[in-house]
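Reminder, nothing fancy here: chain letters follow the sequence lines and each chain counts from 1.
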Protein chains: 2
Amino acid sequence: MLKEELKMKNIEQVLRSKKIKVTPQRMAVYSVLKNSTNHPNVDMIYKKLKPEYPAMSLATIYKTVEVLKQVGLIQELNTGEGSIRYDANTSNHPHIACIECGRVDDIHDVNIPPCGGELKTEIEEKTGYTVQKQQLYFFGICPDCHK
Amino acid sequence: MLKEELKMKNIEQVLRSKKIKVTPQRMAVYSVLKNSTNHPNVDMIYKKLKPEYPAMSLATIYKTVEVLKQVGLIQELNTGEGSIRYDANTSNHPHIACIECGRVDDIHDVNIPPCGGELKTEIEEKTGYTVQKQQLYFFGICPDCHK
DNA sequence: CATCTATTAATAATTGTTCTCTTTTTATTT
DNA sequence: AAATAAAAAGAGAACAATTATTAATAGATG
């Protein structure tokens with residue numbers, strides 16, 4: 001069995017275990033996110049799936065990303081460009097967004113110290129909040145827009 | 001001269017130095033932001049100014065915050081709640097947002113290590129971006145929503 | 001004082017997202 | 001394998017935040 005198929009089988013199990021039905025649309029949306037590195041928004045997912053699923057509506061994609069988010073299979077990114085992007089990598093990693101073209105990239109292997117349990121506790125004590133998650137965004141000009 | 005008046009005089013000079021006209025509306029919007037701790041969005045600013053400036057329109061506030069942002073007197077906060085909030089404190093400090101009620105608070109005096117010149121350089125080298133700014137958001141449940 | 005330009009206010013238009021309703025599909029039980 | 005109930009998809013209207021357009025107004029400039 002191919003690695004790719006194996007991954008998808010796992011997703012099916014995650015959905016079923018949460019009593020959420022497995023549909024072609026859901027698998028397709030997840031597949032787009034899993035196989036892309038550009039953190040697409042709903043419209044980009046829509047356009048990507050159009051050829052293969054011409055009947056699929058925007059509303060379905062909105063509903064699907066919401067479900068996938070609730071289940072914890074994807075996470076939202078909001079860089080303030082007006083639409084929400086999605087990332088199938090749900091680990092807590094920083095992102096960098098281009099203020100010219102909107103492009104969003106992951107930042108890997110950079111030593112970002114905060115966010116350990118220690119910091120979380122400190123913030124909870126000082127603010128009175130219960131901290132659930134965090135997002136670190138950098139903003140700048142991407143290589144392409146420099147040209 | 002009162003401290004408050006002094007602050008406003010300075011703002012006037014900043015605007016004039018950038019060839020931007022000083023108008024009652026602009027001063028009023030800035031004043032709301034400078035004297036609030038709740039990081040209001042456009043609608044909250046609008047409602048706040050309604051009694052004193054009943055003729056002021058939402059569009060004016062949208063344009064005003066844009067001008068103030070360009071000039072560097074305020075910064076945007078986007079916690080993904082659907083509308084943009086504004087902060088007259090333009091220093092680089094983290095924020096925490098309540099996922100229940102949307103409330104946004106500053107995080108002060110917490111030891112957030114990143115963001116020094118060293119990290120910036122590392123990110124620029126690894127990503128090819130020119131880094132201009134960053135935003136660190138925490139999300140959780142605020143004290144009020146816990147009750 | 002007259003003119004020129006920037007700003008305001010009102011309104012229309014746009015965009016991303018959500019909602020409602022009907023039809024279709026899925027998972028389950030015979 | 002067919003029947004069934006529940007969930008999901010599809011279509012389009014509705015919505016809310018924001019932006020663009022326009023005409024009127026105010027301030028600055030010569």
To the nearest Å, how far apart are [X] [atom1] and [N] [atom2]?
{"X": "B:Y46", "N": "D:dA16", "atom1": "OH", "atom2": "P", "answer": "15 Å"}
{"X": "A:I20", "N": "D:dA8", "atom1": "CD1", "atom2": "P", "answer": "7 Å"}
{"X": "B:I61", "N": "D:dT19", "atom1": "CD1", "atom2": "P", "answer": "14 Å"}
{"X": "A:K18", "N": "D:dA8", "atom1": "NZ", "atom2": "P", "answer": "14 Å"}
{"X": "B:L15", "N": "D:dG27", "atom1": "CG", "atom2": "P", "answer": "16 Å"}
{"X": "B:K63", "N": "D:dT25", "atom1": "NZ", "atom2": "C1'", "answer": "13 Å"}
{"X": "B:E12", "N": "D:dG27", "atom1": "CD", "atom2": "P", "answer": "13 Å"}
{"X": "B:E81", "N": "D:dA16", "atom1": "CD", "atom2": "C1'", "answer": "13 Å"}

*Hey, what do you get for CD1 (B:I20) to CD (B:Q70), rounding to the nearest 0.5 Å?*
8.5 Å
*Walk along DNA chain C from 5' to 3' and tell me the first and last nucleotide with an atom closer than 4.0 Å to a non-hydrogen atom of chain A.*
C:dG16 to C:dA27
*Would you please say whether a donor-acceptor pair under 3.5 Å links the side chains of A:N78 and B:Y137?*
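No, because no side-chain N or O of A:N78 sits under 3.5 Å from a partner of the opposite role on B:Y137.
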*Can you see which heavy atom on A:R26 is nearest to which on A:V67, and at what distance?*
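Smallest heavy-atom distance, with atoms named: NH2-CG2, 4.1 Å.
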Without swapping roles, check the side chain of [X] against the backbone of [Y] for a donor-acceptor pair under 3.5 Å.
{"X": "A:Q75", "Y": "A:N89", "result": "yes"}
{"X": "B:E100", "Y": "B:C142", "result": "no"}
{"X": "B:D106", "Y": "B:H108", "result": "no"}

_Tell me whether the side-chain N/O atoms of B:Y62 come closer than 4.0 Å to OP1 or OP2 in D:dT18._
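For D:dT18, OP1 or OP2 has a side-chain N or O of B:Y62 closer than 4.0 Å.
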*Looking only at N and O atoms, is any donor in the side chain of B:K21 or the base of D:dA26 less than 3.5 Å from an acceptor on the other one?*
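Answer is no: no donor-acceptor pair is held.
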*Under a 4.0 Å N-O cut-off, is there an ion pair linking A:D144 with A:R103?*
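Here A:D144 pairs with A:R103 in a salt bridge, since their nearest N and O are under 4.0 Å apart.
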Reckon [X] touches a base, only the sugar-phosphate, or nothing at all at heavy-atom distances under 4.0 Å?
{"X": "A:V67", "value": "nothing"}
{"X": "A:T60", "value": "base"}
{"X": "B:A59", "value": "base"}
{"X": "B:L58", "value": "nothing"}

